[in-house]
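Scroll down for the structure; my scribbles are underneath it.
As the structure is a prediction and not an experimental result, all values here were calculated from the model. Just so it is clear: chains get the letters A, B, ... in the order the sequence lines come, proteins before strands, and each one is counted from 1.
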Amino acid sequence: MTPSSSFRPVVEGREAAGVARGLSAEPIDMAGMLAGAHHPGAGAVVLFSGEVRDNNRGRPVSFLEYEAYRPLAEKMIGEILAEAKSRWVLQTAVAQHRTGIVAVGDTAVVVITASAHRGEAYAANRYIIDRIKHEAPIWKCEHYADGTHEWGNNCNCHAVTGDVSKHIYESEG
Amino acid sequence: MTPSSSFRPVVEGREAAGVARGLSAEPIDMAGMLAGAHHPGAGAVVLFSGEVRDNNRGRPVSFLEYEAYRPLAEKMIGEILAEAKSRWVLQTAVAQHRTGIVAVGDTAVVVITASAHRGEAYAANRYIIDRIKHEAPIWKCEHYADGTHEWGNNCNCHAVTGDVSKHIYESEG
Amino acid sequence: MKIHVYAGLKDYFEPEFEVEGEARNTDELKTLLVAINGKAEAMLSSCRFAVEEGFIDNAYKLKSHDTIVIIPPSSGG
Amino acid sequence: MKIHVYAGLKDYFEPEFEVEGEARNTDELKTLLVAINGKAEAMLSSCRFAVEEGFIDNAYKLKSHDTIVIIPPSSGG
């Protein structure tokens, strides 16, 4: 196994879409995911869609580009979903994060949870997206209307916690 | 205006679907509502779907039937959405509640919120569904597999608050 | 005075009916309704009352031409 | 030792390159990398390191055949 074959970012190849494992190089089929989330034992389904805004702190954005370190990102998304299922009784817990170019108004990440009651479905949904956003090795590059681009707008928790592995989750505050 | 024309429950007529005003006698077009919720200024879209479970405290359920006192239910859903928009900066706040027969696994109520950041979208979504469920004059009748039916499983906050207009919201606990 | 009831109250009353007798406010109306069907008393104690699109409380003076809507607790949970 | 970098680190290094020189752990590797491009120092201080699918810390003994993945903070917010 050579690094050049095993460590390519997912953006480079269609074969790397990995839809079933949490990363997708293609547009996310949100309606299909939602249709698949119904369960006769689930009274509450919660969907979160993270979408590309037309501005970043007031600067006009043309589109975003997401890059992932694929093997670890997929492993971590799987572990985060499993951890959510161990904390709450969930009939469904799925997540998909885009890689590559995502247009303004399009979906960059979707999380769907289903549970008997809505409290669990909301809490688990929020837990999953917070952890994916802070911890999974997925990065975004803002491409601005003026032609410049910038990697960043990243998690900055380590500036407060003093540890690049320790995060602050608004939902737990 | 006679009471018999003005106070009929929405379940009685197709013309009463009132989709734009929060009640629908027809299946809710959740994918269509979700597609319409995108906004270039919104980075976070949250959807809640309340669905019919196959059991109520262990008793097998065949289907549910929802009845509404339409003029007041529509007015209250509109007021709850407006109140959410005054508490949070939301690009989208919509809700639809079914009336009539709803099958197991089908959607009884949908709430969609969109905001620049996810904290607001989740909080507003939860606020809207909690208030609709506790306050809007909409009732459900459980039709059980054994052929019996039962109105109820209703909000019981007044037993604690001592006031039929005062509710306890789990999300504020 | 016309009365419209919903949901579980339909187990005790017709969906729409007229009450005879004097009821100046909702407490007095409740007394009339319990006289019609005493089994409804517990449920009535958890109900709200409305005229058209607005809730009313016991301070509201009932008029003979009002249609009173009796509203059990919502579907909740 | 092979190095793969992502996202903002690509402003300072090639996406994939080899480092010469001795680095027994991630602190020593950081020192080597800062010697290559001193402007990367601040960003490197907020990065994590991984080998294959697992994060490593400074206690991990780097091997000459390892491919070290350097991971800036995630997209966050």
Side-chain angles (χ1 to χ4, degrees), chain A residues 1-12 50 53 56-57 64-76 78-79 97-99 108-109 129-142 149-159 161-165 167-170, chain D residues 1-20 23 25-34 37 39-60 62-77:
Chain A
M1 178 167 88
T2 65
S4 60
S5 70
S6 65
F7 291 114
R8 262 179 212 293
V10 68
V11 293
E12 289 187 19
R53 282 189 294 154
N56 178 31
R57 296 165 190 157
L64 291 195
E65 185 182 354
Y66 285 89
E67 184 173 70
Y69 172 47
R70 187 187 173 196
L72 186 53
E74 290 184 339
K75 180 175 168 239
M76 289 183 75
E79 287 171 351
H97 202 301
R98 276 296 311 278
T99 56
V109 55
I129 190 59
D130 281 359
R131 284 200 58 195
I132 289 175
K133 288 264 201 173
H134 282 272
E135 297 178 38
I138 302 169
W139 305 276
K140 72 173 168 224
C141 185
E142 320 248 6
H149 69 270
E150 188 181 12
W151 289 98
N153 206 11
N154 289 337
C155 164
N156 197 33
C157 295
H158 59 88
T161 63
D163 182 336
V164 292
S165 299
H167 299 272
I168 299 160
Y169 298 108
E170 187 195 336
Chain D
M1 197 174 301
K2 287 198 172 63
I3 309 293
H4 287 209
V5 304
Y6 286 90
L9 278 174
K10 295 190 297 187
D11 293 344
Y12 304 109
F13 302 102
E14 290 298 309
E16 303 179 11
F17 61 101
E18 294 253 2
V19 284
E20 308 299 327
N25 53 41
T26 57
D27 280 353
E28 292 184 5
L29 177 58
K30 265 188 246 188
T31 303
L32 285 183
L33 293 169
V34 171
N37 188 341
K39 292 178 185 163
E41 185 166 14
M43 186 176 290
L44 283 168
S45 72
S46 66
C47 288
R48 288 176 294 173
F49 294 78
V51 172
E52 298 192 0
E53 295 179 26
F55 288 111
I56 58 172
D57 62 19
N58 197 51
Y60 178 89
L62 296 178
K63 298 163 206 60
S64 61
H65 63 272
D66 278 339
T67 295
I68 315 295
V69 181
I70 310 186
I71 295 180
S74 302
S75 66

Mind running side chain to side chain contact (heavy atoms under 4.5 Å, CB included) on A:Trp151 and D:Lys10 for me, showing each step along the way?
CA-CA 9 Å; A:Trp151 289 98; D:Lys10 295 190 297 187; 3.9 Å; yes
Apply side chain to side chain contact (heavy atoms under 4.5 Å, CB included) to residues D:Ile71 and A:Leu72 and explain how you reach the verdict.
CA-CA 10 Å; D:Ile71 295 180; A:Leu72 186 53; 3.6 Å; yes
Only counting residues at least two apart or in another chain, list the ones meeting side chain to side chain donor-acceptor pair (under 3.5 Å) with D:Ser46.
none
Could you go through the side chain to side chain contact (heavy atoms under 4.5 Å, CB included) check for A:Ser165 and D:Arg48 one step at a time?
CA-CA 8 Å; A:Ser165 299; D:Arg48 288 176 294 173; 3.8 Å; yes
Just verifying a value: how many Å separate D:Phe55 CZ and A:Glu135 CD, rounded to the nearest 0.5 Å?
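Spacing of CZ (D:Phe55) from CD (A:Glu135) equals 8.0 Å.
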Roughly how far apart are D:Ser74 OG and A:Arg131 CZ, rounded to 0.5 Å?
11.0 Å
Tell me, yes or no, whether the heavy-atom count around A:Glu79 atom CD, taken from other residues, nucleotides or ligands under 6.0 Å, exceeds 12.
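It does: A:Glu79 CD has more than 12 such atoms within range.
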Just checking D:Lys63: does its NZ atom have more than 12 heavy atoms from other residues, nucleotides or ligands closer to it than 6.0 angstrom?
yes
So, does A:Trp139 use its side chain to make a donor-acceptor pair with the main chain of D:Tyr6 at under 3.5 Å?
no
Is the backbone N or O of D:Ala7 less than 3.5 Å from a side-chain atom of A:Glu67, with the two atoms forming a donor-acceptor pair by type?
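Judged by distance alone, yes, a pair lies under 3.5 Å.
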For D:Glu14, enumerate each residue passing the salt bridge (charged side-chain N to carboxylate O under 4.0 Å, His left out) test, keeping only those at least two apart in sequence or located in another chain.
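Result, salt bridge (charged side-chain N to carboxylate O under 4.0 Å, His left out) vs D:Glu14: none returned.
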Region of D:Asp57 that comes under 4.5 Å of a non-hydrogen atom in chain A:
neither
Choice from D:Gly54, D:Gly8, D:Pro72 maximising heavy atom contacts with chain A below 4.5 Å
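The option with the most such pairs is D:Pro72.
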